[in-house]
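FYI, side chains are in, hydrogens and waters are out, and symmetry mates aren't considered; it's all heavy atoms of this structure.
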Amino acid sequence: MSELLLSRMEMNCYARYLLNQQADEQSLALFERAIQHEATILTTKEESLLQFMLNNSWSVSLIDAATGLFSPKHKLRKRMIIAFAILETNPLYFDFFHPKQFSFFYLLNLTMRGFVFGIKAIAGSIILLFF
C-alpha cells in the first residue's frame, strides 16, 4: 500500500473518530506532510498497530486513551496529536470545536466521561500488549 494512501486512511480514521466524517483535502495534505518528520516515522511494530487500528475502527478510542495515559511519547500518539491539531485549527470544523455554554449538570457528564476514559485506557493497554 502506498504511503500516500496509508496516510489518507490514517487521517480519515482520526477524523471519523473525532468528527464522524471524512477529513477534507487540506487536512489530508497537511497530515501527509507533517508525518514525514523523523519523530513520527513508525517502526514495524507500530505500523502493525496502525494497521490494526485502521482495520478495527472501534479500537481507535481505546488506543488513544491507552497511549495518552500510559505512553504519551508513543509515535502513534504523536501522529494522533498532529491529526487532532490539524482538525481543530481547520475553519471547516469550527462549529464542532468552538467553546459552548454548558449547564451545571455537564459536570456529571464530564465525570462519567472520565470514568469511561479510564476503562478505555485499560482496555487499550491490553491491545498495546500485543503490539
Original post:
In the hydrophobic clustering that connects Ile, Leu, Val, Met, Phe, Trp and Tyr at side-chain heavy-atom distances below 4.5 Å, which members other than Phe115 occupy its cluster, ordered by chain and number?
Top reply: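 In the cluster with Phe115 are Ile119.
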Original post:
Should side-chain heavy atoms under 4.5 Å link Ile, Leu, Val, Met, Phe, Trp and Tyr, which residues sit in the same cluster as Phe104?
Top reply: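 Grouped by the 4.5 Å side-chain rule, Leu107 form the rest of the cluster around Phe104.
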Would you please name every residue forming a side chain to side chain donor-acceptor pair (under 3.5 Å) with [X], sequence neighbours left out?
X      : answer
Ser125 : none
Asn12  : none
Gln22  : Arg16
Gln21  : none

Which distance, rounded to the nearest 0.5 Å, do you find between the [atom1] of [X] and the [atom2] of [Y]?
X     : Y      : atom1 : atom2 : value
Met9  : Cys13  : CE    : SG    : 8.5 Å
Phe52 : Phe130 : CZ    : CZ    : 9.5 Å
Leu50 : Phe131 : CG    : CZ    : 10.0 Å

Applying side chain to side chain contact (heavy atoms under 4.5 Å, CB included), name anything that partners [X], two or more places apart in sequence or on another chain.
X      : result
Phe105 : Ser103, Leu108
Asn109 : Tyr106, Arg113
Gln36  : Glu32

Which pairs of donor and acceptor atoms, one on a side chain in residues 80-89, lie under 3.5 Å apart (sequence neighbours left out)?
residue : atom : partner : partner atom : Å
Thr89   : OG1  : Ala85   : O            : 2.9
Thr89   : OG1  : Ile86   : O            : 3.3

Original post:
What pairs meet the side-chain hydrogen bond (donor to acceptor under 3.5 Å, both in side chains) rule with one or both residues in residues 65-85, with sequence neighbours excluded?
Top reply: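 Applying side-chain hydrogen bond (donor to acceptor under 3.5 Å, both in side chains) to every pair that reaches into residues 65-85, excluding sequence neighbours, yields Glu10-Arg79, Asp64-Arg77.
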**OP:** For Glu38, check salt bridge (Lys or Arg N to Asp or Glu O under 4.0 Å) against everything at least two apart and list the hits.
**Re:**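 Applying salt bridge (Lys or Arg N to Asp or Glu O under 4.0 Å) to Glu38 gives none.
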Original post:
Hey, are the side chains of Ile35 and Met11 touching, using non-hydrogen atoms and a 4.5 Å cut-off?
Top reply: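 Side-chain contact under 4.5 Å: no.
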